[in-house]
J.: 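Encoded as C-alpha coordinates, here's the structure I'll be asking about.
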Amino acid sequence: MNTNKAIFNRTERLLGEKFMEFVATRKAIIFGVGGVGSWCAEGLVRSGVKHLTLVDSDKVSITNVNRQLMATTKTVGQVKVEALKERLLEINPEAEIIALQEFYDDKTAESFHLEDFDYIVDAIDSLDSKMKLIMHASSTDAFFVSSMGAALKMDPTRIKVAEFWKVLGCPLGRALRKKMSKQGLKPLHKFPCVYSDELLENIGPNHEGEEEALLYTKAQVNGTTAHVTAIFGFTISGLILQDIAEKSQKNC
(Lines give C-alpha, C1' and ligand atoms only; values in the text may rest on other atoms or scores of the structure.)
Protein backbone atom coordinates (compact mmCIF):
# COMPACT_ATOMS: atom_id res chain seq x y z
CA MET A 1 0.00 0.00 0.00
CA ASN A 2 1.45 3.38 -1.01
CA THR A 3 1.72 6.15 1.59
CA ASN A 4 -1.14 8.26 0.26
CA LYS A 5 -3.43 5.25 0.11
CA ALA A 6 -2.50 4.33 3.68
CA ILE A 7 -3.21 7.83 5.01
CA PHE A 8 -6.85 7.58 3.98
CA ASN A 9 -7.37 3.88 4.70
CA ARG A 10 -9.87 4.46 7.51
CA THR A 11 -11.77 7.08 5.53
CA GLU A 12 -12.03 4.74 2.57
CA ARG A 13 -13.25 1.92 4.80
CA LEU A 14 -16.15 4.12 5.89
CA LEU A 15 -16.99 6.00 2.71
CA GLY A 16 -15.65 3.80 -0.09
CA GLU A 17 -13.34 4.03 -3.06
CA LYS A 18 -15.70 6.17 -5.14
CA PHE A 19 -15.73 8.80 -2.41
CA MET A 20 -11.93 8.89 -2.26
CA GLU A 21 -11.68 9.29 -6.02
CA PHE A 22 -14.29 12.05 -6.06
CA VAL A 23 -13.09 14.00 -3.01
CA ALA A 24 -9.61 14.23 -4.52
CA THR A 25 -11.01 16.14 -7.50
CA ARG A 26 -13.02 18.72 -5.53
CA LYS A 27 -11.75 22.29 -5.15
CA ALA A 28 -12.41 24.26 -1.97
CA ILE A 29 -11.56 27.77 -0.80
CA ILE A 30 -11.62 29.02 2.79
CA PHE A 31 -11.82 32.73 3.59
CA GLY A 32 -10.39 33.32 7.04
CA VAL A 33 -8.12 30.70 8.62
CA GLY A 34 -8.43 31.69 12.26
CA GLY A 35 -10.14 29.75 15.02
CA VAL A 36 -12.83 28.35 12.71
CA GLY A 37 -11.23 28.26 9.26
CA SER A 38 -8.00 26.57 10.34
CA TRP A 39 -9.82 23.59 11.84
CA CYS A 40 -12.10 23.38 8.81
CA ALA A 41 -9.01 23.13 6.60
CA GLU A 42 -7.62 20.34 8.78
CA GLY A 43 -10.87 18.39 8.58
CA LEU A 44 -10.96 18.64 4.80
CA VAL A 45 -7.34 17.68 4.16
CA ARG A 46 -7.42 14.77 6.62
CA SER A 47 -10.46 13.46 4.73
CA GLY A 48 -8.93 13.53 1.26
CA VAL A 49 -9.50 17.03 -0.13
CA LYS A 50 -6.39 17.78 -2.18
CA HIS A 51 -7.18 21.11 -3.83
CA LEU A 52 -7.52 23.77 -1.16
CA THR A 53 -7.05 27.54 -1.29
CA LEU A 54 -6.50 29.47 1.95
CA VAL A 55 -7.21 33.20 2.13
CA ASP A 56 -6.22 35.40 5.09
CA SER A 57 -4.22 38.61 5.33
CA ASP A 58 -3.02 38.25 8.93
CA LYS A 59 0.06 36.92 10.68
CA VAL A 60 0.01 34.61 13.69
CA SER A 61 -0.10 36.53 16.97
CA ILE A 62 0.46 35.27 20.49
CA THR A 63 -3.26 35.70 21.26
CA ASN A 64 -4.10 33.20 18.49
CA VAL A 65 -2.34 30.34 20.27
CA ASN A 66 -5.32 29.45 22.48
CA ARG A 67 -7.54 28.41 19.56
CA GLN A 68 -6.00 28.48 16.07
CA LEU A 69 -4.65 25.24 14.65
CA MET A 70 -1.33 26.46 13.28
CA ALA A 71 -0.71 29.01 16.04
CA THR A 72 2.04 27.98 18.46
CA THR A 73 4.75 29.90 20.25
CA LYS A 74 7.05 28.89 17.38
CA THR A 75 4.81 30.24 14.59
CA VAL A 76 4.09 33.66 16.12
CA GLY A 77 4.91 36.28 13.49
CA GLN A 78 4.51 33.92 10.54
CA VAL A 79 1.93 34.52 7.82
CA LYS A 80 -1.15 32.53 8.85
CA VAL A 81 -1.87 30.93 5.48
CA GLU A 82 1.76 29.91 5.06
CA ALA A 83 1.97 28.39 8.55
CA LEU A 84 -1.27 26.49 7.96
CA LYS A 85 -0.13 25.34 4.52
CA GLU A 86 3.03 23.87 6.05
CA ARG A 87 0.95 22.00 8.62
CA LEU A 88 -1.47 20.63 6.01
CA LEU A 89 1.33 19.43 3.74
CA GLU A 90 2.76 17.47 6.65
CA ILE A 91 -0.57 15.63 6.74
CA ASN A 92 -0.73 15.01 2.99
CA PRO A 93 2.39 15.98 1.00
CA GLU A 94 0.46 15.37 -2.23
CA ALA A 95 -2.15 18.03 -1.47
CA GLU A 96 -2.17 21.16 -3.60
CA ILE A 97 -2.50 24.00 -1.11
CA ILE A 98 -2.61 27.58 -2.37
CA ALA A 99 -1.88 30.18 0.33
CA LEU A 100 -3.06 33.73 -0.39
CA GLN A 101 -2.13 36.45 2.09
CA GLU A 102 -4.98 38.67 0.97
CA PHE A 103 -8.09 40.37 2.33
CA TYR A 104 -11.50 39.82 0.77
CA ASP A 105 -13.23 43.12 -0.06
CA ASP A 106 -14.74 45.05 -2.97
CA LYS A 107 -11.33 45.57 -4.56
CA THR A 108 -10.17 41.94 -4.43
CA ALA A 109 -13.46 40.00 -4.71
CA GLU A 110 -13.30 39.19 -8.41
CA SER A 111 -9.65 38.10 -8.25
CA PHE A 112 -10.57 34.89 -6.38
CA HIS A 113 -12.64 33.49 -9.29
CA LEU A 114 -15.18 31.79 -7.05
CA GLU A 115 -16.83 30.21 -10.07
CA ASP A 116 -13.86 27.81 -10.24
CA PHE A 117 -14.59 26.24 -6.83
CA ASP A 118 -16.90 23.44 -5.77
CA TYR A 119 -16.92 24.53 -2.11
CA ILE A 120 -16.66 27.98 -0.54
CA VAL A 121 -16.24 28.57 3.18
CA ASP A 122 -16.86 31.91 4.89
CA ALA A 123 -14.97 32.19 8.18
CA ILE A 124 -14.49 35.96 7.97
CA ASP A 125 -14.85 38.25 11.00
CA SER A 126 -15.36 41.60 9.25
CA LEU A 127 -19.08 42.35 8.83
CA ASP A 128 -18.75 44.21 5.52
CA SER A 129 -16.45 41.61 3.95
CA LYS A 130 -18.64 38.79 5.24
CA MET A 131 -21.74 40.29 3.68
CA LYS A 132 -19.92 40.84 0.39
CA LEU A 133 -18.69 37.24 0.35
CA ILE A 134 -22.16 35.89 1.14
CA MET A 135 -23.65 37.78 -1.78
CA HIS A 136 -20.79 36.77 -4.09
CA ALA A 137 -20.63 33.09 -3.11
CA SER A 138 -24.40 32.64 -3.24
CA SER A 139 -24.35 33.78 -6.86
CA THR A 140 -22.21 30.77 -7.84
CA ASP A 141 -23.06 27.09 -8.20
CA ALA A 142 -20.69 26.17 -5.36
CA PHE A 143 -21.76 24.58 -2.08
CA PHE A 144 -21.37 27.50 0.30
CA VAL A 145 -21.16 27.39 4.11
CA SER A 146 -20.84 30.34 6.48
CA SER A 147 -19.66 30.52 10.08
CA MET A 148 -21.51 32.85 12.38
CA GLY A 149 -19.94 34.20 15.58
CA ALA A 150 -17.93 31.65 17.59
CA ALA A 151 -16.76 33.99 20.35
CA LEU A 152 -18.31 34.21 23.84
CA LYS A 153 -19.33 30.52 23.78
CA MET A 154 -18.53 27.55 26.02
CA ASP A 155 -21.33 24.99 25.63
CA PRO A 156 -20.61 22.61 22.71
CA THR A 157 -24.15 21.21 22.82
CA ARG A 158 -25.59 24.56 21.71
CA ILE A 159 -23.72 24.60 18.39
CA LYS A 160 -26.19 24.15 15.54
CA VAL A 161 -26.66 24.30 11.77
CA ALA A 162 -29.45 26.28 10.14
CA GLU A 163 -30.23 28.11 6.93
CA PHE A 164 -29.07 31.74 7.07
CA TRP A 165 -32.51 33.30 7.59
CA LYS A 166 -33.33 30.78 10.33
CA VAL A 167 -30.25 31.42 12.49
CA LEU A 168 -31.62 32.49 15.89
CA GLY A 169 -29.87 33.95 18.92
CA CYS A 170 -26.66 34.93 17.09
CA PRO A 171 -25.81 38.66 17.15
CA LEU A 172 -23.61 38.34 14.04
CA GLY A 173 -26.37 36.64 12.04
CA ARG A 174 -28.85 39.28 13.18
CA ALA A 175 -26.48 42.11 12.24
CA LEU A 176 -25.89 40.62 8.80
CA ARG A 177 -29.59 40.24 8.06
CA LYS A 178 -30.30 43.77 9.27
CA LYS A 179 -27.52 45.22 7.14
CA MET A 180 -28.68 43.29 4.07
CA SER A 181 -32.29 44.32 4.56
CA LYS A 182 -31.32 47.98 4.81
CA GLN A 183 -29.45 47.72 1.52
CA GLY A 184 -32.15 45.66 -0.17
CA LEU A 185 -29.84 42.67 -0.56
CA LYS A 186 -30.75 39.00 -0.49
CA PRO A 187 -28.50 35.97 -1.15
CA LEU A 188 -29.35 34.32 -4.45
CA HIS A 189 -29.69 30.86 -2.93
CA LYS A 190 -30.06 29.36 0.52
CA PHE A 191 -26.97 28.23 2.40
CA PRO A 192 -26.22 26.59 5.76
CA CYS A 193 -24.64 28.40 8.68
CA VAL A 194 -22.93 27.05 11.78
CA TYR A 195 -23.86 29.04 14.87
CA SER A 196 -24.60 28.95 18.60
CA ASP A 197 -27.36 30.76 20.47
CA GLU A 198 -25.19 30.96 23.59
CA LEU A 199 -23.92 34.43 24.50
CA LEU A 200 -21.63 34.90 27.48
CA GLU A 201 -19.88 38.06 28.66
CA ASN A 202 -16.22 38.97 28.81
CA ILE A 203 -15.19 38.95 32.48
CA GLY A 204 -11.41 39.11 32.12
CA PRO A 205 -9.37 42.32 31.76
CA ASN A 206 -7.74 43.60 28.58
CA HIS A 207 -4.04 42.88 28.48
CA GLU A 208 -1.21 45.31 27.88
CA GLY A 209 -1.50 47.00 24.50
CA GLU A 210 -5.08 45.92 23.83
CA GLU A 211 -6.64 49.22 24.89
CA GLU A 212 -4.60 51.08 22.27
CA ALA A 213 -5.46 48.47 19.64
CA LEU A 214 -9.16 48.78 20.44
CA LEU A 215 -9.03 52.54 20.03
CA TYR A 216 -7.43 52.07 16.61
CA THR A 217 -9.72 49.34 15.29
CA LYS A 218 -12.90 50.30 17.17
CA ALA A 219 -13.53 46.57 17.49
CA GLN A 220 -14.49 44.53 20.53
CA VAL A 221 -12.00 41.81 21.45
CA ASN A 222 -14.10 38.90 22.69
CA GLY A 223 -13.05 35.80 24.57
CA THR A 224 -12.91 32.52 22.67
CA THR A 225 -12.12 28.88 23.36
CA ALA A 226 -10.46 26.21 21.25
CA HIS A 227 -13.16 23.57 21.59
CA VAL A 228 -15.94 25.86 20.33
CA THR A 229 -14.04 27.30 17.36
CA ALA A 230 -12.81 23.82 16.45
CA ILE A 231 -16.33 22.38 16.55
CA PHE A 232 -17.52 25.20 14.31
CA GLY A 233 -14.69 24.44 11.85
CA PHE A 234 -15.12 20.67 11.94
CA THR A 235 -18.88 21.03 11.52
CA ILE A 236 -18.32 23.05 8.35
CA SER A 237 -15.88 20.47 7.01
CA GLY A 238 -18.38 17.75 7.93
CA LEU A 239 -21.15 19.45 5.93
CA ILE A 240 -18.85 19.67 2.93
CA LEU A 241 -17.73 16.04 3.21
CA GLN A 242 -21.33 14.90 3.56
CA ASP A 243 -22.19 16.73 0.35
CA ILE A 244 -19.18 15.17 -1.40
CA ALA A 245 -20.25 11.70 -0.21
CA GLU A 246 -23.77 12.18 -1.55
CA LYS A 247 -22.55 13.46 -4.91
CA SER A 248 -19.96 10.68 -5.22
CA GLN A 249 -22.76 8.12 -4.97
CA LYS A 250 -24.81 9.90 -7.63
CA ASN A 251 -21.81 9.95 -9.94
CA CYS A 252 -21.21 6.20 -9.61
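The basis for the numbers below is simple: all heavy atoms, side chains too, and nothing from hydrogens, waters or symmetry mates.
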J.: Among all residues two or more places apart in sequence or in another chain, which pass the side chain to side chain contact (heavy atoms under 4.5 Å, CB included) test with Arg13?
T.: Asn9, Arg10
J.: Less than 4.5 Å apart, side chain to side chain, heavy atoms only: is that true for Phe143 and Val145?
T.: yes
J.: Salt bridge (Lys or Arg N to Asp or Glu O under 4.0 Å) with Lys80: which residues, sequence neighbours excluded?
T.: none
J.: What is the minimum heavy-atom distance between Leu172 and Gly149, and which atoms define it?
T.: CD2-N, 3.4 Å
J.: Nearest heavy-atom pair of Gly32 and Ala123: which atoms, and what distance?
T.: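 Closest approach of Gly32 to Ala123: O-CB, 3.4 Å.
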J.: Taking ring-ring contact (aromatic ring centres under 6.0 Å, His included) as the criterion, tell me which of Phe117, Phe31, Phe103 meets it with Phe112.
T.: Phe31
J.: Check whether any side-chain heavy atom of Lys182 lies under 4.5 Å from a side-chain heavy atom of Lys179, and answer yes or no.
T.: no
J.: Tell me whether Gln183 at atom CD has more than 12 heavy atoms from other residues, nucleotides or ligands lying less than 6.0 Å away.
T.: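 Result for CD/Gln183: enclosed.
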J.: Is there any salt bridge (charged side-chain N to carboxylate O under 4.0 Å, His left out) pair reaching into residues 157-168, and which pairs are they, with sequence neighbours excluded?
T.: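 The answer is Arg158-Asp197, Lys160-Asp197.
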J.: Under the side-chain contact (heavy atoms from CB on, under 4.5 Å) criterion, do Met148 and Leu176 qualify, and how do the steps go?
T.: CA-CA 10 Å; Met148 297 292 104; Leu176 282 167; 3.9 Å; yes
J.: For Lys153 and Glu198, indicate whether the former's side chain and the latter's backbone hold a donor-acceptor pair under 3.5 Å.
T.: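 Yes; at least one donor-acceptor contact below 3.5 Å.
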J.: Between OG of Ser138 and CG of Leu188, what distance do you get to the nearest 0.5 Å?
T.: 4.5 Å
J.: Identify, with sequence neighbours excluded, every residue that meets side chain to side chain donor-acceptor pair (under 3.5 Å) alongside Tyr195.
T.: none
J.: Quickly, which of Val45, Val81, Thr53, Val49 forms a side chain to side chain contact (heavy atoms under 4.5 Å, CB included) with Ile97? Name it, please.
T.: Val45
J.: For Val23 and Ser47, work out which heavy atoms get closest and say how close.
T.: CG1-O, 4.0 Å
J.: Under 4.5 Å between any side-chain heavy atoms of Asp105 and Asp128, yes or no?
T.: no
J.: When you look at Leu54 and Leu100, which way does the side-chain contact (heavy atoms from CB on, under 4.5 Å) test go after all the steps?
T.: CA-CA 6 Å; Leu54 310 171; Leu100 301 177; over 6 Å; no
J.: Would you give the length of the straight line joining atom CD of Glu201 to atom CG of Leu199, rounded to the nearest 0.5 angstrom?
T.: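 Rounded to the nearest 0.5 Å, the CD-CG separation comes to 8.0 Å.
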J.: Using modelled atom types only, decide if a donor and an acceptor are shared between the side chain of Asp141 and the backbone of Glu115 within a distance under 3.5 Å.
T.: no
J.: Just so I know, are the side chains of Met131 and Leu185 near enough to count as touching, which here means a heavy-atom distance under 4.5 Å?
T.: yes
J.: Taking atom OG1 of Thr140 and atom NE2 of His113, what is their separation to the nearest 0.5 Å?
T.: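 Here the rounded value is 14.0 Å.
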J.: Can a donor-acceptor pair be found, under 3.5 Å and without considering hydrogens, that links the side chain of Thr75 to the backbone of Met70?
T.: yes
J.: Could you give me the CA-CA distance, side-chain angles and deciding distance for Asp155 and Thr157, then say whether side chain to side chain donor-acceptor pair (under 3.5 Å) is met?
T.: CA-CA 5 Å; Asp155 187 347; Thr157 68; 2.6 Å; yes
J.: Quick check against the 3.5 Å criterion: does Arg174 have a side-chain atom that pairs as donor or acceptor with the backbone of Val167?
T.: no
J.: Donor-acceptor pair, distance only, cut-off 3.5 Å: does the side chain of Ser129 make one with the backbone of Ser126?
T.: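 Side chain of Ser129 to backbone of Ser126: no pair is present.
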J.: Once rounded to the nearest 0.5 Å, what's the spacing between atom CG of Leu52 and atom CD1 of Ile29?
T.: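 Those atoms lie 8.5 Å apart.
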J.: Tell me, please, which residues at least two apart from Glu12 pass side chain to side chain donor-acceptor pair (under 3.5 Å).
T.: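 Glu12 satisfies side chain to side chain donor-acceptor pair (under 3.5 Å) with Lys5 once adjacent residues are dropped.
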J.: Any chance you could lay out the side-chain contact (heavy atoms from CB on, under 4.5 Å) test for Phe144 and Ile134, step after step, and finish with the verdict?
T.: CA-CA 8 Å; Phe144 171 55; Ile134 287 173; 3.9 Å; yes
J.: Kindly write out the residues that satisfy side chain to side chain donor-acceptor pair (under 3.5 Å) with Ser237, not counting sequence neighbours, or none if the list is empty.
T.: none
J.: Using a 3.5 Å distance criterion without hydrogens, assess whether the side chain of His51 forms a donor-acceptor pair with backbone atoms of Ala24.
T.: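 Yes; at least one donor-acceptor contact below 3.5 Å.
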J.: I'd like to check the salt bridge (Lys or Arg N to Asp or Glu O under 4.0 Å) partners of Lys132; sequence neighbours left out, ordered by chain and number.
T.: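 Counting only residues at least two positions away or on another chain, Lys132 forms a salt bridge (Lys or Arg N to Asp or Glu O under 4.0 Å) with Asp106.
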J.: What residues, two or more places apart in sequence or in another chain, satisfy salt bridge (Lys or Arg N to Asp or Glu O under 4.0 Å) together with Asp116?
T.: none
J.: Glu82 and Ala99: which non-hydrogen atoms are nearest, and at how many Å?
T.: OE2-CB, 3.9 Å
J.: Answer yes or no: is there a donor N or O on one side and an acceptor on the other, between the side chain of Ser248 and the main chain of Phe22, under 3.5 Å?
T.: no
J.: Would you indicate whether the side-chain heavy atoms of Phe19 and Leu14 approach each other to under 4.5 Å?
T.: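 No. Closest side-chain heavy atoms not under 4.5 Å.
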J.: Between Lys50 (side chain) and Glu96 (backbone), is there a donor-acceptor pair under 3.5 Å?
T.: no
J.: Side-chain contact test, heavy atoms from C-beta onward, threshold under 4.5 Å: evaluate it for Ile240 versus Val121 and give yes or no.
T.: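 Yes. Closest side-chain heavy atoms under 4.5 Å.
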J.: Identify the heavy atoms of Met180 and Pro187 that sit nearest to each other, and give their distance.
T.: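 Of all heavy-atom pairs spanning Met180 and Pro187, the closest is SD-CD, 4.1 Å.
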J.: In Å and rounded to the nearest 0.5 Å, what is the CD1 to CG distance from Ile244 to Leu44?
T.: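 Rounded to the nearest 0.5 Å, the CD1-CG separation comes out at 7.0 Å.
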J.: Is the backbone N or O of Arg26 less than 3.5 Å from a side-chain atom of Asp118, with the two atoms forming a donor-acceptor pair by type?
T.: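 Pair absent, no side-chain N/O of Asp118 close to backbone of Arg26.
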J.: Can you list the residues that meet the side chain to side chain donor-acceptor pair (under 3.5 Å) rule with Asn92, with sequence neighbours excluded?
T.: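 Asn92 satisfies side chain to side chain donor-acceptor pair (under 3.5 Å) with Asn4 once adjacent residues are dropped.
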J.: Can you establish whether the number of heavy atoms outside Glu86 located under 6.0 Å from its atom CD is more than 12?
T.: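 Counting neighbours around CD of Glu86, 12 or fewer heavy atoms of other residues, nucleotides or ligands fall under 6.0 Å, so no.
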J.: I'd like to check Ser146 versus Phe191 (side-chain heavy atoms, cut-off strictly below 4.5 Å). Are they in contact?
T.: yes
J.: Salt bridge or not for Asp125 and Lys130, using N-O below 4.0 Å?
T.: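 Answer for the salt bridge query: no.
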J.: List in chain and number order the residues that pass side chain to side chain contact (heavy atoms under 4.5 Å, CB included) with Lys186, two or more places apart in sequence or in another chain; answer none if no residue qualifies.
T.: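 Lys186 satisfies side chain to side chain contact (heavy atoms under 4.5 Å, CB included) with Trp165 once adjacent residues are dropped.
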J.: Can you tell if the side chain of Asn222 reaches within under 4.5 Å of the side chain of Asn202, non-hydrogen atoms only?
T.: yes
J.: To check you understand the geometry: which heavy-atom pair defines the closest contact between Ala150 and Thr224, and what is its length?
T.: O-CG2, 4.4 Å
J.: What residues, two or more places apart in sequence or in another chain, satisfy salt bridge (Lys or Arg N to Asp or Glu O under 4.0 Å) together with Arg46?
T.: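 Expected list: Glu42.
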J.: Please report the C-alpha distance between Asp122 and Tyr104 in whole Å, then the side-chain angles of each, then the deciding distance to 0.1 Å, and finally whether the side chain to side chain donor-acceptor pair (under 3.5 Å) criterion is met.
T.: CA-CA 10 Å; Asp122 158 39; Tyr104 182 92; over 6 Å; no
J.: With rounding to the nearest 0.5 angstrom, report the CD to CE distance, Glu17 to Met20.
T.: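 Spacing of CD (Glu17) from CE (Met20) equals 10.0 Å.
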J.: Is there a donor-acceptor contact under 3.5 Å from the side chain of Thr229 to the main chain of Thr225?
T.: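 Side chain of Thr229 to backbone of Thr225: a pair is present.
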J.: Output all residues satisfying side chain to side chain contact (heavy atoms under 4.5 Å, CB included) with Ala71, sequence neighbours left out; order by chain, then residue number.
T.: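 Scan of Ala71 (side chain to side chain contact (heavy atoms under 4.5 Å, CB included), adjacent residues dropped) gives Val60, Asn64, Val65, Gln68.
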